[in-house]
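Working notes, structure below.
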Amino acid sequence: MRFRPCIDLHENKVKQIVGSTLTDSGVGATNFVSDRGSDYYAELYREDNLRGGHVIMLGPGNESAAVAALNAWPGGLQIGGGINPENAPRYLDAGAEAVIVTGYVFSNGELDLEHLKKLHKTVGREKLVLDLSCKMQDDGRYYIMTDRWTKFTRLALSPEVFKFLSDYSFEFLVHAVAVEGKQSGVDERLIEILAEQSPCPAVYAGGIRNLDDVDIVLKRGGGKVDFTVGSALDIFGGKLSYRKLAELYSR
């Protein structure tokens, strides 16, 4: 199990926002706004050899900060937020390890297979991460969400879905939408599902508050599920030690 750091960008600044509260007007529940540039965090992750972290562009107007981060840690960071076949090569050329995609491959509540194939053809499986962030519905299944996590698709996580999508993507990034950004504890069942059903590497995000929560990810995920932490980290205004995580889970 590895720690995957993050750099969330909004209005070209490093911020921590509760993702499901972000709207077209740009107003969201903001946990933290940094006075440091994106390259500062990227260089920090590079110095600690933390690979596979996520640069997420929350809305338009974040391109220059995103590129600055990628340039500072070439080959060490993935990038998501508005990715499509037209702009993906540009971010890969700027130093991204891979691109992270949700919205482009899901439309009107369904998987857009034509779009998925087009993106796969453009960047290749080893450069494509699918964001399968999800939330449980009344039937007890986790459904993938889109449109800033405000809309359910009709696609529920299952062994068959994971297997099919793994033919196009080498890794999955999965936010537990119900707890993301709230520091309210992790979604243990979702972690178990990722460990049991995903045939390729999966990264869990959402609700981590402290080292006890990280230990739950380790135990429920059987050491197979990586994790990312945002607003709980002390480098983003929280109390959880970034340095401790970097020391314990860099490999």
Side-chain angles (χ1 to χ4, degrees), residues 1-6 19 45 48-54 56 76-78 80 97-98 100-102 125-137 139-145 149 153 155-233 238-251:
M1 184 177 78
R2 290 188 297 151
F3 167 45
R4 307 287 197 93
C6 66
Y45 305 155
D48 291 322
N49 196 33
L50 293 172
R51 296 181 174 273
H54 313 111
I56 305 298
L77 295 166
Q78 303 168 0
E97 175 199 34
I100 306 167
V101 183
T102 303
R125 179 180 181 273
E126 296 305 317
K127 295 291 183 180
L128 180 56
V129 175
L130 290 178
D131 184 337
L132 306 182
S133 297
C134 57
K135 189 176 182 180
M136 184 184 288
Q137 291 224 54
D139 62 3
R141 297 196 295 170
Y142 288 86
Y143 287 80
I144 298 168
M145 300 193 72
W149 305 339
T153 69
L155 194 65
L157 299 184
S158 69
E160 295 76 21
V161 167
F162 280 124
K163 176 63 175 67
F164 178 80
L165 294 178
S166 69
D167 289 340
Y168 297 92
S169 172
F170 81 97
E171 185 170 280
F172 301 130
L173 171 62
V174 185
H175 293 79
V177 172
V179 297
E180 186 277 334
K182 299 177 181 179
Q183 298 185 50
S184 57
V186 299
D187 187 326
E188 298 186 33
R189 179 58 190 141
L190 179 56
I191 296 166
E192 291 173 345
I193 288 173
L194 296 179
E196 295 167 359
Q197 300 182 8
S198 179
C200 61
V203 183
Y204 170 84
I208 293 177
R209 302 162 293 185
N210 49 42
L211 288 175
D212 289 340
D213 286 333
V214 175
D215 192 53
I216 291 173
V217 178
L218 175 62
K219 292 178 179 177
R220 297 298 187 189
K224 298 187 293 184
V225 179
D226 289 350
F227 69 97
T228 186
V229 188
S231 54
L233 287 178
K239 297 180 179 179
L240 180 55
S241 169
Y242 161 81
R243 178 56 48 209
K244 191 71 172 179
L245 291 183
E247 291 173 354
L248 292 175
Y249 301 107
S250 63
R251 294 177 177 82

Quiz item: Rounded to the nearest 0.5 Å, how far apart are CG of Asp131 and NE2 of His54?
Solution: 9.0 Å

Quiz item: Is a side-chain donor or acceptor of Asp48 paired with a backbone partner of Leu50 at a separation under 3.5 angstrom?
Solution: no

Self-check item: Separation of Ile191 CD1 from Leu218 CG (nearest 0.5 Å)
Solution: 10.5 Å

Self-check item: salt_bridge(Glu196, Arg189) N-O dist < 4.0 Å
Solution: yes

Quiz item: If every non-hydrogen atom of Tyr204 is compared with every non-hydrogen atom of Ala176, which pair is closest and at what distance?
Solution: OH-CB, 3.6 Å

Quiz item: So, does Tyr143 use its side chain to make a donor-acceptor pair with the main chain of Met145 at under 3.5 Å?
Solution: no

Practice problem: Report the C-alpha distance between Tyr142 and Val174 in whole Å, list the side-chain angles of each, state the deciding distance to 0.1 Å, and finish with yes or no for side chain to side chain contact (heavy atoms under 4.5 Å, CB included). | Solution: CA-CA 11 Å; Tyr142 288 86; Val174 185; over 6 Å; no

Self-check item: From CG (Leu155) to CD1 (Ile144), nearest 0.5 Å
Solution: 4.0 Å

Quiz item: For the residue pair Phe3 and Val229, what are the closest heavy atoms and their distance?
Solution: CE1-N, 4.1 Å

Practice problem: Determine the interplanar angle of the His175 and Trp149 rings, folded into 0 to 90°, and report it as parallel if under 30°, tilted if 30 to 60°, perpendicular if over 60°. | Solution: tilted

Quiz prompt | Gap separating the CZ atom of Arg2 from the CZ atom of Phe227, nearest 0.5 angstrom | solution = 11.0 Å

Quiz item: Could you give the distance from CD (Glu126) to CD (Glu97), rounded to the nearest 0.5 Å?
Solution: 10.0 Å

Quiz item: For the atom pair CG (Leu194) and SG (Cys134), what is the distance rounded to the nearest 0.5 Å?
Solution: 7.0 Å

Quiz item: Below 4.5 Å, heavy atoms only, C-beta onward: do Leu245 and Leu211 meet side chain to side chain?
Solution: yes

N/O donor to acceptor pairs below 3.5 angstrom from side-chain atoms of residues 164-171, sequence neighbours left out:
{"residue": "Ser166", "atom": "OG", "partner": "Phe162", "partner atom": "O", "Å": "3.4"}
{"residue": "Ser166", "atom": "OG", "partner": "Lys163", "partner atom": "O", "Å": "2.7"}
{"residue": "Ser169", "atom": "OG", "partner": "Leu128", "partner atom": "O", "Å": "2.9"}
{"residue": "Ser169", "atom": "OG", "partner": "Leu130", "partner atom": "N", "Å": "3.2"}
{"residue": "Ser169", "atom": "OG", "partner": "Glu171", "partner atom": "N", "Å": "3.4"}
{"residue": "Ser169", "atom": "OG", "partner": "Glu171", "partner atom": "O", "Å": "2.7"}
{"residue": "Glu171", "atom": "OE1", "partner": "Arg4", "partner atom": "NH2", "Å": "2.9"}
{"residue": "Glu171", "atom": "OE2", "partner": "Arg4", "partner atom": "NH1", "Å": "3.1"}
{"residue": "Glu171", "atom": "OE2", "partner": "Gln78", "partner atom": "NE2", "Å": "3.1"}

Quiz item: Are Ile208 and Val214 side-chain neighbours, meaning at least one heavy-atom pair lies under 4.5 Å?
Solution: yes

Self-check item: Over all atoms of both residues, closest heavy-atom pair of Ser198 and Cys200
Solution: OG-O, 2.7 Å

Quiz item: Quick check: does any side chain N or O of Lys224 sit under 3.5 Å from a backbone N or O of Ala195, one acting as donor and the other as acceptor?
Solution: yes

